[in-house]
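Keep in mind the model is a prediction, meaning the values are calculated, not measured. Below, read A as the first sequence line, B as the second, and so on, with proteins coming before strands; counting in each chain starts at 1.
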Protein chains: 2
Amino acid sequence: MSDSPSISRQFSLCTVMETIVHCGPISRASIAKQTGLSKQTISEIARQLEEDGWIRETGRTSGHVGRTAITYEIVPEASCIAAIDLGGRKLRAAIADLAGNVLAEVTEPTDLRGGRHVVEQIASLAHRASAHTGIPFEKVRLAIVGVPGAPDRTTGRVLMAPNIPGLDEFDVSSALAELLGTDVVLENDVNLAVIGERWAGSANGIDDLAYIAIGTGIGAGVMVGGELVRGAGNAAGELGFLPFGSDPFEPESLKVGALERATATAGICARYQALTGRNADVPTIFAAASGGQAEAGRVLNETAHHLALTIAVLSAVTNPRRVVLGGSIGRRMELVERIRALLPLCVPLPVEIGVSSLGSRVTLVGGVAIGLSHLHSALFSGGVPGAQISLPPARVSIVAGSSVTLQSGPLA
Amino acid sequence: MSDSPSISRQFSLCTVMETIVHCGPISRASIAKQTGLSKQTISEIARQLEEDGWIRETGRTSGHVGRTAITYEIVPEASCIAAIDLGGRKLRAAIADLAGNVLAEVTEPTDLRGGRHVVEQIASLAHRASAHTGIPFEKVRLAIVGVPGAPDRTTGRVLMAPNIPGLDEFDVSSALAELLGTDVVLENDVNLAVIGERWAGSANGIDDLAYIAIGTGIGAGVMVGGELVRGAGNAAGELGFLPFGSDPFEPESLKVGALERATATAGICARYQALTGRNADVPTIFAAASGGQAEAGRVLNETAHHLALTIAVLSAVTNPRRVVLGGSIGRRMELVERIRALLPLCVPLPVEIGVSSLGSRVTLVGGVAIGLSHLHSALFSGGVPGAQISLPPARVSIVAGSSVTLQSGPLA
DNA sequence: GTAATTAGTTCGATCACAGAACGAATAAAT
DNA sequence: ATTTATTCGTTCTGTGATCGAACTAATTAC
């Protein structure tokens, strides 16, 4: 963009861009009507945007009375983002364009050595994903990385990430930025998940919202008034530390939270073993419960009980309109049904219970969402406060044929 | 202000106004330096603001090298707000000016008949408060009313306010607006309290914050990133419904929350009676504990235990930097000390525990704060998004001699 | 073919702002 | 007491962004 466009111009430019992004191919006359700006101004701005490569002509209107109009649309490939989901076991990367199209998506097992090895793996996977798109990696301006821990924006380190060793020992953000040559934003994976479900999942457009992920751990992403809740130490939503499920005053509860010890994978298995004397993994216990085994049913009932209380807590503190359950355990309908039955007995406020509809892709989708909004404001809002561009409508289905799963990673 | 000042002008105007509000008496040259706008623009805007009566000359600089400068300041009495604290037993009203000076403060017992009687009482008390200021009531543009319940902004009714009957039966907001001739904003009293403590109390400038009021009930005002958390049904912070303290699955817990039954006045007294067989009010129990009585001490210990868990919950959900305790019970140091001792045993994240420093005035002070920010944006931001004016520094001490407590109300 | 309608450009005027030049008022230096 | 440096505030001029009106262009309806 030019040297120093005045605040007024930047504001108009942003408005126009937002209109084009949202209203698909649209003529300049229509933009003028919608934004209230004069036709002359729109033409000027459109010319500028076209010169800079952000928008392009895309056709003409026809059928209506009057002169045909040239319609404009965003140039999706003008700039891209990389969304990364760094899980304890799988590493996913996606490339999405300015319009929110996911152009490629690749997966491989996470490098268990952690630390700088993982950072290098991310960079390599991001490049490989971009190779599938046909768009050169230089177009990627921003990488959003979902991490299973609390990223500290001042130091670039990732704290409280027990599943991946070594990320609290160096500036992950800068190291990755160096390797990728892009800006890098680290964000907690559950935070991305809640944004994903709100943008393209089962909480579409809901402003007061929580997403609870239950799997090897338990954690939540919380949104309030459409804004993410991060907390003073980026530890908001660490529901594992809720003081019930097991004794919160046991010293152990300061390391692995009281609730996490009860409702996450390890806790469920431990309770099942205490009742039956048998070792079993979580899917087996669920299967046993479906088969009518009393002990397995009791374990699920207890788990549902704890989760109902968890939702009661969320309801009392932030009063969300909907709570979306996700993660390998949270998505199980057997559990969801039990929770839905319990809730009216212990929560006086209305809460809808949803189930994650994006499954294991949710973090990636959330990364795309937040990446897009970052990129849009970086490109078009020009530092003008209030000139916020809202997200384009979600189109998260993968472009056909571009999704690749690499089953064998470097250290599989 | 004029017909339709352009967005650019409005932005500058808002910036200038903000600078004047914050930097006290200040010369136009200094404003230019601070804002980056040209001296010419500042002079123009200042002329306009002076004409409209928002600012005035207040003196000259001296002592420094160079020509003396005319300094400008806000005209505090140009516009006022009324802050009302509608409690179950006491009704307080304050009048504050644009600079945040509290000009008058009056109190009387709440009209126990509730409903429209209370609305009329508010109007009458607000007028009486304004009479003490010497400023005509017409200058009052906005009334902020703290209510012990959940105001519904769409209907203007106040829900979940058991202490004051009848407020859920009609549009309280409109009724009061009619009587006062001002805009009216209803807000939950604890929400105002947390804003008050953040503006002028023991949580100055802290963005991630909770204020817990413990008295006849228990409730919290929660702030996240400097923004109030209201929740989907304006019921955020209803900590009384937290599922511990007593059995959350008892049907009674859907009416009076499980935690509220344990930690609020009634619960404390009931537990004391169960242990000793004696009826006693809360101050008596505290006194007994100080005197070394074991049962009273045990009641306090249990209460502190529940409150520590409550803070653990807040910590896990929104991860506040500080939690401020208030209310007649929450302010007692005997309790605060016990809680501080328990916290490191059950909360892994750092949380500071503060004590309300504004006492019973906290809601009123919060009302002033939120009223000021409303008024500033209404007057100066001109609907320009992003043109937010931040609050002036707090000056909540009452102007000498203007504070009046009416001990006998109409229905005392 | 003509009228009606819509799209987009050109032109002139206005407004907000920056920056330079200038006059005014003061403190420090001589 | 005079000069000098410094700061304040105004006036003037140029630029950029915007609007609205007039105008041209292209299309459908009749």
What integer distance in Å separates Phe11(A):CZ from dT18(D):P? 11 Å

Phosphate contact (dT9(C) OP1 or OP2) by Ser43(A) side-chain N/O below 4.0 Å: yes

Please set out all donor-acceptor pairs under 3.5 angstrom arising from side-chain atoms of residues 28-35 of chain A, sequence neighbours excluded.
| residue | atom | partner | partner atom | Å |
| --- | --- | --- | --- | --- |
| Ser30(A) | OG | Ser27(A) | OG | 2.9 |
| Thr35(A) | OG1 | Ile31(A) | O | 2.8 |
| Thr35(A) | OG1 | Leu37(A) | N | 3.2 |

Does Ser8(A) put a side-chain nitrogen or oxygen below 4.0 Å from OP1 or OP2 of dT18(D)? yes

In whole Å, I'd like the distance from the CD1 atom of Ile42(A) to the P atom of dT6(C). 18 Å

All side chain to side chain donor-acceptor pair (under 3.5 Å) counterparts of Thr41(B), not counting sequence neighbours: Ser38(B)

Considering just the side-chain nitrogens and oxygens of Thr41(A), establish if one lies under 4.0 Å of OP1 or OP2 belonging to dC19(D). yes

Strictly below 4.0 Å, N to O, side chains only: are Arg56(B) and Glu73(B) in salt-bridge contact? yes

Give Ser12(A) one of three labels, base, sugar-phosphate or nothing, depending on what nucleic acid heavy atoms sit under 4.0 Å from its own. sugar-phosphate

Between the protein and nucleotides 4-8 of chain D, are there any N/O to N/O pairs under 3.5 Å, and if so, what are the atom names and distances?
| residue | atom | partner | partner atom | Å |
| --- | --- | --- | --- | --- |
| dT7(D) | O2 | Arg67(B) | N | 3.0 |
| dC8(D) | O2 | Arg67(B) | NH1 | 2.4 |

Between dG9(D) atom P and Glu44(B) atom CD, what is the distance in whole Å? 15 Å

Arg47(B) atom CZ is separated from dG9(D) atom P, nearest whole Å, by 12 Å

Those residues that, when tested against Thr61(B), pass side-chain contact (heavy atoms from CB on, under 4.5 Å) (two or more places apart): Thr68(B), Ala69(B), Thr71(B)

Which atom pairs, one a donor and one an acceptor, fall under 3.5 Å between side chains of residues 13-24 of chain B and the rest of the protein, sequence neighbours left out?
| residue | atom | partner | partner atom | Å |
| --- | --- | --- | --- | --- |
| Thr15(B) | OG1 | Phe11(B) | O | 2.7 |
| Glu18(B) | OE1 | Ser390(B) | N | 3.2 |
| Glu18(B) | OE2 | Ser390(B) | OG | 2.6 |
| Thr19(B) | OG1 | Thr15(B) | O | 2.8 |
| His22(B) | ND1 | Glu18(B) | O | 3.1 |
| His22(B) | NE2 | Ser390(B) | OG | 3.3 |
| His22(B) | NE2 | Leu391(B) | O | 2.7 |

Taking OH from Tyr72(A) and P from dA7(C), how many angstroms apart are they, rounded to a whole number? 13 Å

Enumerate all atom pairs, one protein N or O and one N or O from nucleotides 11-13 of chain C, separated by less than 3.5 Å.
none

Whole-Å gap separating P (dG9(D)) and CG (Leu37(B)): 15 Å

From CZ of Arg9(B) over to P of dA18(C), roughly how many Å is that when rounded to an integer? 10 Å

Check whether any side-chain N or O of Asn204(A) sits under 3.5 Å from a backbone N or O of Trp199(A) as a donor-acceptor pair, and report yes or no. yes

Under 3.5 Å: donor-acceptor pair, side chain of Asn234(A), backbone of Pro151(A): yes

Determine whether the side chains of Ser173(A) and Asp171(A) contain a donor N or O and an acceptor N or O closer than 3.5 Å. no

Measure from CD on Gln10(A) to C1' on dC17(C) and round the result to the nearest Å. 17 Å

Checking Gln40(A) against Glu44(A): is there a side-chain donor and acceptor pair closer than 3.5 Å? yes

